[in-house]
Asks: 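Can you keep this structure in mind? I'll have questions shortly.
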Amino acid sequence: MTQDQPGGATSQIAATLRSRIITGALVPGAPVRDSAVAAELGVSRNTAREALSLLRHEGLLDHRNHQGFVVRTLTTADVRDIYAARVALEVRAVQDAAFAPDEALEEVHRALETTETAERAERWEDYASSSLHFHSALVRLLGSPLLDQFFDTILGRLRLAFHAAGDTGSFHRPWGPRDRAIWERLADGDRAGAEHLLRGYLHDSELAVLDMVRRQTTHR
């Protein structure tokens, strides 16, 4: 197979593996063998290899000589790039939220409630994943499938950075209440207030992730 249409086998395999990265099931440095992927998901090794190459192009995997594909370990330059994209997309989504359909806004609310449920149960990996879904739902307010797909890749890369957190509860706990504050402004129609809170959130989050990744790199 040399080309894959949206929804084709290569895209579906890539989406499955991308989801595993976003949820933390695949961690930085973990090997991803085309033979194992092919056997598990019932596709040819060529199709599996094409899916892995696609994820490498997206910055989620690396390819190492004599080792094959491995889940990527992020650098501080990667983090800066991720947050530049987040600011551009998430801020625009909040600014244009008045044009979003009600069901898209409800998805944002549901993601927030899922985050808060995970917090009460102290399921911090789920908490991190659902918080990312909250921000993904913000971008979905724009109503662009192309941007949605791009942002999923961004969040996959960000999830890789989260693995540098030693105490996941301490790192992730502060962000949920800030998601709640952003949502409350948005639900009240105060888009300027939501934008202000979101910009502050993204600025502080970027600094925290940069420090975390830098410490991991220094101690490697």
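Numbering starts at 1 and runs along the sequence shown.
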Asks: For the residue pair His135 and Tyr201, is the inter-centroid distance of their aromatic rings smaller than 6.0 Å?
Replies: yes
Asks: Hydrophobic cluster membership, with links at side-chain heavy-atom distances under 4.5 Å among I/L/V/M/F/W/Y: are Met212 and Leu202 in one?
Replies: yes
Asks: Quick one: are Glu90 and Leu198 in side-chain contact, heavy atoms under 4.5 Å?
Replies: yes
Asks: Keeping Ser19 on the side-chain end and Ala15 on the backbone end, is there a donor-acceptor pair under 3.5 Å?
Replies: no
Asks: For the residue pair Ser44 and Thr47, confirm or rule out a side-chain donor-acceptor distance under 3.5 Å.
Replies: yes
Asks: Charged N to carboxylate O below 4.0 Å: is that the case for Glu58 and Arg157?
Replies: no
Asks: State whether the side chain of Ser131 and the backbone N or O of Ala128 hold a donor-acceptor pair below 3.5 Å, judged by distance alone.
Replies: no
Asks: So, Ser53 versus Arg56: side-chain donor-acceptor pair below 3.5 Å or not?
Replies: no
Asks: Check the angle between the aromatic planes of His63 and Phe69 and answer parallel, tilted or perpendicular using the 30° and 60° thresholds.
Replies: perpendicular
Asks: Hey, any chance Tyr127 and Val27 share a hydrophobic cluster, counting ILVMFWY side chains that come within less than 4.5 Å of each other, even indirectly?
Replies: no
Asks: Evaluate salt bridge (Lys or Arg N to Asp or Glu O under 4.0 Å) for Arg159 paired with Glu125, printing each intermediate quantity in order.
Replies: CA-CA 10 Å; Arg159 192 65 171 79; Glu125 292 297 331; 2.6 Å; yes
Asks: With a 4.5 Å cut-off on side-chain heavy-atom distances among I, L, V, M, F, W and Y, is there a chain of contacts connecting Phe150 to Ile82?
Replies: yes
Asks: Only one of Arg45, Arg20, Arg33 clears salt bridge (charged side-chain N to carboxylate O under 4.0 Å, His left out) with Glu40; which?
Replies: Arg20
Asks: Determine yes or no for a side-chain-to-main-chain donor-acceptor pair under 3.5 angstrom, with Ser130 supplying the side chain and Asp126 the backbone.
Replies: yes
Asks: From the options Val94, Asp179, Ile182, select the one residue that forms a side-chain contact (heavy atoms from CB on, under 4.5 Å) with Leu197.
Replies: Ile182
Asks: Hey, does the side chain of Arg18 reach the backbone of Leu60 with a donor-acceptor pair shorter than 3.5 angstrom?
Replies: no
Asks: Does Arg92 have more than 12 heavy atoms from other residues, nucleotides or ligands lying within 6.0 Å of its CZ?
Replies: no
Asks: Residues in ring-ring contact (aromatic ring centres under 6.0 Å, His included) with Tyr83, at least two apart?
Replies: none
Asks: Any salt bridge linking Arg72 with Asp78? Criterion: basic side-chain nitrogen under 4.0 Å from a carboxylate oxygen.
Replies: yes
